[in-house]
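Below: one structure, written as structure tokens.
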Amino acid sequence: MSADTKCIVRDTRFAELDLPIKCDGCATLVHNKCSGLTASEIKCVSLKNRTLNRATNLIFYNIQECDSNQSDDRISRDINQINNTIKSIGVDSEIVPLKVIRLGRYQSGKLRPIKAVFSTASNTFDILKNKRKLSLQVPPSRINISSDRILLQRDSMKKLRDELAARSSNGETGLIIKFFKGVPRIVKNLEDSTSKPQDFLNSM
């Protein structure tokens with residue numbers, strides 16, 4: 001954060017550890033205490049901002065790691081593999097990652113996920129919309145793709161998957177998880193949903 005950034009209400013600079021709230025309309029910043037919001041409302045704003053900040057990110061799994069000692073070689077190899085994966089599912093070849101990062105420490109024999117940053121949320125939505133084509137390839141690709149979820153979203157999805165597995169094991173058929181205005185639900189496969197791109201990214 002710039003040292004000249006000030007709270008619009010108090011006209012004072014933010015401390016290093018301050019977490020200011022940003023207005024959606026005018027992009028000005030304000031201290032939590034100056035916002036007039038309750039603790040619950042501040043938490044909701046914080047979660048929303050964290051989710052939106054990740055809307056242009058995707059996580060790629062099971063992509064082979066380069067064993068070069070040169071970081072530039074490893075990054076170049078990861079970018080090429082991601083580009084090839086994107087092309088293989090029919091996504092516009094002009095959609096390419098701006099940045100790639102391997103997540104976690106290197107461990108021999110274990111493939112670390114890659115966080116890829118794209119220019120727009122619509123880019124990531126196009127990729128997520130077509131990712132199922134990976135499983136239709138011959139042979140099926142081991143690569144998987146997901147959005148960059150915050151912990152709350154990951155926990156929510158895990159609970160839904162556990163519920164889906166339990167209900168399926170009890171004999172219910174045709175159940176899937178779909179998203180309605182950003183909220184994941186378990187529904188029958190024949191039921192339609194109309195999720196907007198941003199809603200899909202916020203929840204996957």
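Keep in mind that the numbers below use all heavy atoms, side chains included, and drop hydrogens, waters and symmetry copies. Starting from 1, each residue takes its place in the sequence as its number. None of these values were measured; they are calculated from a predicted model.
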Are [X] and [Y] side-chain neighbours, meaning at least one heavy-atom pair lies under 4.5 Å?
X	Y	answer
Asn57	Thr124	no
Leu128	Ile145	yes
Ile59	Leu103	yes
Asp126	Phe118	no
Ile63	Arg102	yes

N/O donor-acceptor pair under 3.5 Å between [X] side chain and [Y] backbone:
X	Y	value
Lys188	Ile176	no
Ser88	Leu134	no
Arg74	Ser68	yes
Arg112	Gly104	yes
Thr85	Gln81	yes

Near [X] [atom1], under 6.0 Å, is it more than 12 heavy atoms from other residues, nucleotides or ligands?
X	atom1	answer
Lys99	NZ	no
Arg142	CZ	no
Asn69	CG	no

Which pair of non-hydrogen atoms, one from [X] and one from [Y], has the smallest distance, and what is that distance?
X	Y	value
Pro97	Ile79	CG-CG2, 4.4 Å
Ser135	Pro140	O-CB, 3.6 Å
Ser147	Leu58	CA-CD2, 3.9 Å
Ala116	Phe60	CB-CE1, 3.8 Å

Give, for atom [atom1] of [X] and atom [atom2] of [Y], the distance between the pair rounded to the nearest 0.5 Å.
X	Y	atom1	atom2	answer
Thr120	Ile95	OG1	CD1	7.0 Å
Glu65	Leu111	CD	CG	6.0 Å
Gln137	Lys133	CD	NZ	10.0 Å
Ser146	Ile127	OG	CD1	12.0 Å
Thr173	Arg167	OG1	CZ	11.0 Å

Go through the steps for Ser76 and Asp72 under the test side chain to side chain contact (heavy atoms under 4.5 Å, CB included), then give the verdict. CA-CA 6 Å; Ser76 177; Asp72 288 345; over 6 Å; no
According to a 4.5 Å side-chain heavy-atom criterion applied to Ile, Leu, Val, Met, Phe, Trp and Tyr, with indirect links allowed, do Val117 and Ile114 form part of one hydrophobic cluster?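 No, because Val117 and Ile114 fall into different hydrophobic clusters, even though each may have its own neighbours under 4.5 Å.
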Can Leu175 be reached from Leu160 by stepping across I, L, V, M, F, W or Y side chains whose heavy atoms are under 4.5 Å apart?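 Yes, it is one cluster - the side chains of Leu160 and Leu175 are joined through contacts under 4.5 Å.
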After noting the C-alpha distance and the side-chain angles of Ile75 and Val100, does the key distance pass the side chain to side chain contact (heavy atoms under 4.5 Å, CB included) rule? CA-CA 7 Å; Ile75 292 172; Val100 297; 3.9 Å; yes
Can Lys131 and Ile143 be said to form a side chain to side chain contact (heavy atoms under 4.5 Å, CB included), step by step? CA-CA 9 Å; Lys131 72 173 187 175; Ile143 295 173; over 6 Å; no
State which residue, out of Asp92, Val91, Val96, fulfils the side-chain contact (heavy atoms from CB on, under 4.5 Å) condition with Glu94.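 Of the listed residues Asp92, Val91, Val96, the side-chain contact (heavy atoms from CB on, under 4.5 Å) partner of Glu94 is Asp92.
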Salt bridge present between Asp162 and Lys158 (N-O < 4.0 angstrom):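 Looking at Asp162 and Lys158, the cut-off is met.
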